[in-house]
2 protein chains.
Amino acid sequence: MKPEAKAVEPASYSISELAREFGITTRAIRFYEDKGLIAPARRGQTRIYSPEDRVRLKLILRGKRLGFSLDESRAIIDMYDPAHGNVEQLQRLLLHIEQKRAQLEQQLRDIQSLMGELDEAEARARASLKQNSEN
Amino acid sequence: MKPEAKAVEPASYSISELAREFGITTRAIRFYEDKGLIAPARRGQTRIYSPEDRVRLKLILRGKRLGFSLDESRAIIDMYDPAHGNVEQLQRLLLHIEQKRAQLEQQLRDIQSLMGELDEAEARARASLKQNSEN
DNA sequence: GCAAGAGTTTACGTTAACGTAAACGTCAAC
DNA sequence: GTTGACGTTTACGTTAACGTAAACTCTTGC
C-alpha cells in the first residue's frame, strides 16, 4: 500500500479558508447556510466545514456558473443524497432529473451556436483589423 | 428560380405577437428596449418590430438561458455589428470574444459533469425504486 | 491583561429584471 | 357612441443574492 499517494486533504476548513479558496465572501457562505444549502458543524458558535461541505459549496458555484438559482442548485444537490425513501419522492426525483437533462441539452445547443458565432465574429474582426493595417 | 421555397417571413411584428411567440410579456420586451437591447421602429407611437429585431430578441433569450445578464447579452449581440471601426475597439472585441469563449468552455465542462452525475442519480433512484417494489 | 484578528448575529441597503397597476390614446366593430 | 382589444407612458412594488455596517464574543500573542 502506498503511504501517501494523494495530497493530504484537510479534515476541516474555516469559513475564511473556503471563502479565499473559491473567491467569494464569508457573507455569501453564511447566506447559503441561511438558505439551507450547507449545514456546517459548530465548535461553540464557530462554523467548521468538512470536506463534504466543501464539495457542496463547489456544486453551488457550478450551479451559479450555469445560471441556476440557489433553489435549483439545492434541488440538484439533493439528488445525490440517498435520503429519498418513498416511491413518490423517487418518481418526482426522476422527473426532476429529466427536466434538468432537457435544460442542459438546450444549454449545450445554445453554447454550440454561440461558439460558432464567436468564430465568425472573430474572423470579421480580424479581417477588419487587416483592412485597417493595409492603409 | 423557385417561387416560394421558404415559409413566408412576415415583414414586421407587433409587440404582442413577439411576446406570444417567445412566451414572455410585453413588459419584458419594453424593458429590453429601455436597456438599449432593441430599438424597434415606430408608427406613431406604436412599436413595429422587424425580422432583425426578432433575431435580437432571440439572442437575448438565448443569453438568458445561459445565465447571462442583459448587459452581457448586449455585449455579445454587439459583436455581430460591423459598426466597430477603429483598431482599439476591435482589439477589445477580440479580447471579449476570448473571454466569452473561455466562459463557454467552462460551462461546457460543468454541463458534462452535471450530466454524468444526473446519470448516476437516476441509476440510484431506479435501483431504490426496484428495491421498494420487491418488498 | 489587553489589543488584534477572526468569527458571530442582526439588520438595513442595493442591484437586476421584471410584475403590477393606473390612467390614457386609438381604432374597428356593433 | 361606446365597448373591447391592443397599445402607450409613468411609477411604484417585488424577489434573489448578496454587500455593508454595527455591535459583540473568543482566542492568541506579547
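Sequence lines set the chain letters: A, B, ... in the order given, protein chains first and strands last, and positions in each chain run from 1.
Under the side-chain hydrogen bond (donor to acceptor under 3.5 Å, both in side chains) criterion, B:E72 pairs with B:K100, sequence neighbours left out. B:E52 is linked by a side-chain hydrogen bond (donor to acceptor under 3.5 Å, both in side chains) to B:S50, counting only residues two or more places apart in sequence or in another chain. Applying the side-chain hydrogen bond (donor to acceptor under 3.5 Å, both in side chains) criterion to A:S16, with sequence neighbours excluded, gives A:S14. Considering only residues two or more places apart in sequence or on other chains, B:Q91 meets the side-chain contact (heavy atoms from CB on, under 4.5 Å) condition with A:L129, B:V87. Shown here are the side-chain hydrogen bond (donor to acceptor under 3.5 Å, both in side chains) partners of B:R27, two or more places apart in sequence or in another chain: there are none. Considering only residues two or more places apart in sequence or on other chains, A:R42 meets the salt bridge (Lys or Arg N to Asp or Glu O under 4.0 Å) condition with A:E33. Taking A:R30 as the reference, A:I15, A:T26, A:R47 meet the side-chain contact (heavy atoms from CB on, under 4.5 Å) condition, with sequence neighbours excluded. Contacts of B:R54 classified as side-chain contact (heavy atoms from CB on, under 4.5 Å), with partners at least two apart in sequence or in another chain: B:Y13, B:L18, B:E21, B:F22, B:K58. Residues satisfying the side-chain contact (heavy atoms from CB on, under 4.5 Å) criterion with A:E98, sequence neighbours excluded, are A:R101, B:E122.
To the nearest angstrom, P of C:dT9 lies 9 Å from CG of A:D34. Atom CD of A:E72 and atom P of D:dT15 are 18 Å apart (whole Å).
Salt bridge present: A:R74 and A:D71 bring a charged side-chain N and a carboxylate O closer than 4.0 Å.
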Where do N or O atoms of nucleotides 4-6 of chain D meet protein N or O atoms at under 3.5 Å, pair by pair?
none

Hey, what are the protein-to-nucleotides 17-21 of chain D N/O distances that come in under 3.5 Å?
residue, atom, partner, partner atom, Å
D:dA17, OP1, A:L70, N, 2.9
D:dC18, OP1, A:K64, NZ, 2.9
D:dC18, OP2, A:Y32, OH, 2.9
D:dC18, OP2, A:K64, NZ, 3.2
D:dG19, OP2, A:T25, OG1, 2.6
D:dG19, N7, A:R27, NE, 3.4
D:dG19, O6, A:R27, NH2, 3.1
D:dT20, O4, A:R27, NE, 2.9

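A heavy atom closer than 4.0 Å to some atom of DNA chain C occurs in A:R42, A:Q45, A:T46, A:R47, these being the qualifying members of residues 36-58 of chain A.
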